[in-house]
Structures are given as structure tokens and as C-alpha cells.
Amino acid sequence: MLSAFAHALRTPDLRRKILFTLGVLAVFRLGSVIPTPNVNMQNVQQCTFEASTGSAAGLYSMINLFSGGALLQLAIFALGIMPYITSSIIFQLLAVVIPRLEALKKEGGAGQQKITQYTRYLTIILAIMQSTAFVTMAISGQLFPGCALPLVYDATLFPILVMILTMTAGTGIVMWLGELITERGVGNGMSVMIFTQIAAAFPAQVWGIAISRGTIQWNGLTLPNSAGWLAFVAVLAVGLLVMLGVVFVEQAQRRIPVQYAKRMVGRRLVGGSTTYIPIKVNQAGVIPVIFASSLLYLPIMFAQFSPDNPVSSWIAANFTGTGFWHSLLMFVLIVAFAYFYVAITFNPEEVADNMKKYGGFIPGIRAGKPTEKYLAHVLSRLTAPGSLYLGLISLLPAVAFLFLGTSQQFPFGGTSILIVVGVGLDTVKQIQSQLQQRNYEGFLR
């Protein structure tokens, strides 16, 4: 991998793409720490510290997952890329039930461009709604319950509108930066930006685990004691093992062989080739985990907004990020969403019809309905271990809480590790593919 990056930096056009991507990510991180106008940063930082060390630390850890800490700081890019991700998921689901969107999806590049345009419009609408909600929560004191410090200097109408418009414009800029990375940089822009936000919180989380076990003072510095260093090393070791397992499963796939019969096209004989259909073990990716996290986020928010009722008290006592009921429901929802998402993204009937149209068949399986049943059978058999794998990865923070006592700060688990490893693998593959276009030594060895 290091040699691949060294070759990439020696290739002029690829070096420009990598440096351009790093520059855009630097701008993105800079906008994630610059506060919006009218924000009292000193009070915000004090309230953030109290919230991250209090009983609701799990909630704020979940809020910060996709924002890299920008949301609770009310930064310019506070909403991050999540409005765009949400609108993309919405249109991906609507394309299954709305014939017009399904027709656009089948039109190729022109139809996909139209869907992308609709996705941008919905992103701005969601950004306006979310920025209004968070600014209102910041003014009313609901963003940090229990912290009485004022988060804004002026609560009149005009400064509030400026804050909302600034956050909305920040979302539009983030969306544009992600598309710039996709067009002129390396990797998928939106995925790389999510990777950056999550990875930015890793060092502080790992160091927080070490500090939580006890500290010593040395030359004016606060350092972990022996128990803290032991926990630090143990978490890093577990994190590397989890990454190794995630890489192994993410790369695993079932290759179904497909043969194409020879046929006459005009005066030429074409076909007769052999290929395969790759079906990954984790065909759904990280989408089921995001869906489940979004649903479980709703009752926690309800408990924050209405704390004075029995339901909210039960949620606060039993529905924390590492609680039994939260972990159990998270596991069940991830498995259910994995089957649901695979069912709407991989259509065995459509694949079988396309194979039959172009003269393809699976050896030993008749074309048409038998091929459809065979593909559905293989898909269901692969989705079972894939969904269980996603569910078990999501339970790692709860296991870490039981054995390491790391509260909600265990970074190597759940959505974060899946996104980091998945995006990292995809980016490295793109760099290697571009290197192979310029250097053919790999094919000769």
C-alpha cells in the first residue's frame, strides 16, 4: 500500500488529484471549526464539555458521529454531509415505489443527472429544516439540557435568520465540495468527507479512554497512568483486529459463473464468453446501520425534549447507547434493514431477464424462472451472515463498555468503523486502478 502511494505521488496527474482532494478536505475541516455568527463559543465549549461527561454522553456521541464535533459547536458546516446522505437514501427508496423515478433511473446518465438535481433540492430543504431546529434548540436551551449558559449573544429575529442561512449555505458548500472531489479528486467525494469527519474524532476518543482510567502529572502535562496506558494499548489492539475482520468480510463475495452463448449479430459471430456475477457477503453495506441508528435516535431525542414523563424516564434509564434494550433493538433492526435493503437494491428477476435477453445462463441452471429462484436463494443465504456481521459489529461499543469500562467513547465499532474501512478500501482501489493504467508491471509479474 505504501509503495502504491509512493508511485501515485510520482505520477503528475494523480499527484494533482491527491493534493486537490487533501486541499478540499482541509477547507472542509476548517469550516467545521469556524462558528456561525452570533454564537458564544466560550459558553458552547463549556456546555459541550459538561454534556460529553454527563449522563447523556451517549446521545451527544451519536450526534457528533457524522459531524466530527461541528454540530455541537454550531459551526458553519455544522450539518455536514448528512442532509445530502438522507436525501440520497430517500430518493433511492422512492425509486422503487414511484414509476417516474424508476424510469429516470433506467435512462442512464441523463436520468441519473435529473435524480441528482432533485436530490440537491431536497438537500437544501432538509438543511433549512435541520438548521432551524438546531438553532431553535440552542436558543431555548434544549441543545444542552442542564446547561444554563446562553449559547447566542442576540436572540432577536435577524441574527437567528443569519445563523439559519449560514448553516444552510454551509450545507450547499459541503455538497459542492463533495462533488468537486468526485469529479477532480480521488474517491467518492461524499464518502471521503464522511470518512474525514469520523476519523477526526478517533484520536480524541482513544485518548479519552486512556485518560478515563486515571492520570499522572509530568512536566506540566496530564498523562495516563499504567492502567490508562494498558487500556490505550488494548483498545488499539482490539481496533486493529476489528479492522482486519471488517476488511476480510467486506472483500468476501460469492462469484456466480455466467456463460454467454455464441450468436450472429449482422455478419459477425459474437458471444461465447464466460464471466461471473459478484454478490458480496455484505451486499447492503453500511446503510442498515445508518437506518437503525436514525430510528433509535428518535426516542432519545423525545426523552431530551420531554424529560418530565414516565416514558422519558424509562428511556433515559434503559435506552442508553450501551444499554441492553438499546443494543438488542439495534441488532434486530440492523438484521431487518439488511434484508429489506438487499431486496430493493438487487432484483433477481431483473438480473435473470437481462441474462436471458443477451443469451447468458448459469451452468446447470435453466434460463428464466429457475435462474431467478437460484439467484434469490443464493442472495438470501449470503444476506444471513452479512446481516449478523453488521449486527455484531454494531454491538462492539456495548461489549467494550462491559469489559473495558470505556463508557460511550469506544471508537472502533458500529457505523464509524464500517464507514472508515469501506471508504478506505474503495479509495485505495481507485488509486491502484489509476496506477495500473499507467504502469503495467503488475500484469507482467
Side-chain angles (χ1 to χ4, degrees), residues 25-54 56-87 123-178 193-194 196-201 204-205 208 293-294 297-298 300-301 303-305 307 408:
L25 292 179
V27 173
F28 176 56
R29 287 304 302 163
L30 180 63
S32 299
V33 297
I34 298 177
T36 58
N38 195 39
V39 174
N40 189 330
M41 278 305 299
Q42 183 176 359
N43 291 348
V44 167
Q45 292 176 355
Q46 179 64 28
C47 292
T48 303
F49 175 77
E50 294 177 2
S52 60
T53 56
L59 171 64
Y60 293 103
S61 176
M62 188 181 300
I63 292 175
N64 270 334
L65 179 61
F66 292 107
S67 67
L71 183 57
L72 294 183
Q73 294 180 7
L74 299 175
I76 296 175
F77 295 163
L79 301 180
I81 202 65
M82 282 311 295
Y84 184 84
I85 297 297
T86 304
S87 59
T123 299
I124 298 300
I125 294 174
L126 292 177
I128 293 174
M129 297 171 59
Q130 293 182 14
S131 60
T132 303
F134 278 102
V135 170
T136 303
M137 290 171 60
I139 296 172
S140 62
Q142 293 179 331
L143 185 61
F144 299 102
C147 184
L149 298 176
L151 303 182
V152 297
Y153 291 107
D154 191 353
T156 56
L157 179 61
F158 181 74
I160 301 307
L161 289 178
V162 171
M163 293 178 65
I164 294 173
L165 292 177
T166 301
M167 287 187 181
T168 304
T171 300
I173 294 175
V174 168
M175 182 170 55
W176 175 62
L177 293 177
M193 296 178 84
I194 294 179
T196 304
Q197 288 178 314
I198 295 177
Q205 289 180 343
S293 300
S294 301
Y297 180 73
L298 297 178
I300 298 176
M301 288 297 294
Q304 291 293 318
F305 287 142
Q408 287 84 11

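Please read these numbers as outputs of a predicted model, since none were measured by experiment.
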**Student:** Distance check, rounded to the nearest 0.5 Å: N40 atom CG versus L149 atom CG?
**Tutor:** 8.0 Å

**Student:** Return each pair, listed once, that meets side-chain hydrogen bond (donor to acceptor under 3.5 Å, both in side chains) where at least one residue sits in residues 149-159; pairs must be two or more places apart or across chains.
**Tutor:** D154-T156

**Student:** Where is the tightest heavy-atom contact between P83 and A127, given as atom of each residue plus distance?
**Tutor:** CB-N, 4.3 Å

**Student:** Output the distance between atom CD1 (I34) and atom CE (M41), rounded to the nearest 0.5 Å.
**Tutor:** 11.0 Å

**Student:** Suppose the criterion is side-chain hydrogen bond (donor to acceptor under 3.5 Å, both in side chains): which pairs have a residue in residues 158-173, not counting sequence neighbours?
**Tutor:** S131-T168

**Student:** Any side-chain to backbone donor/acceptor pair from T36 onto L74? Under 3.5 Å, distance only.
**Tutor:** yes

**Student:** Taking it one step at a time, do I160 and I139 satisfy side-chain contact (heavy atoms from CB on, under 4.5 Å)?
**Tutor:** CA-CA 9 Å; I160 301 307; I139 296 172; 2.8 Å; yes

**Student:** Any pair with a residue in residues 75-85 that passes side-chain hydrogen bond (donor to acceptor under 3.5 Å, both in side chains), sequence neighbours left out, goes on the list, sorted by first then second residue, please.
**Tutor:** none

**Student:** CE of M163 to OG1 of T132: how many Å apart, nearest 0.5 Å?
**Tutor:** 11.0 Å

**Student:** Does V44 reach the side chain of P35, with side-chain heavy atoms less than 4.5 Å apart?
**Tutor:** no

**Student:** Roughly how far, to the nearest 0.5 Å, is OG1 of T123 from CD of Q130?
**Tutor:** 10.0 Å

**Student:** How far does CG of L30 sit from CD1 of I76, to the nearest 0.5 angstrom?
**Tutor:** 8.0 Å

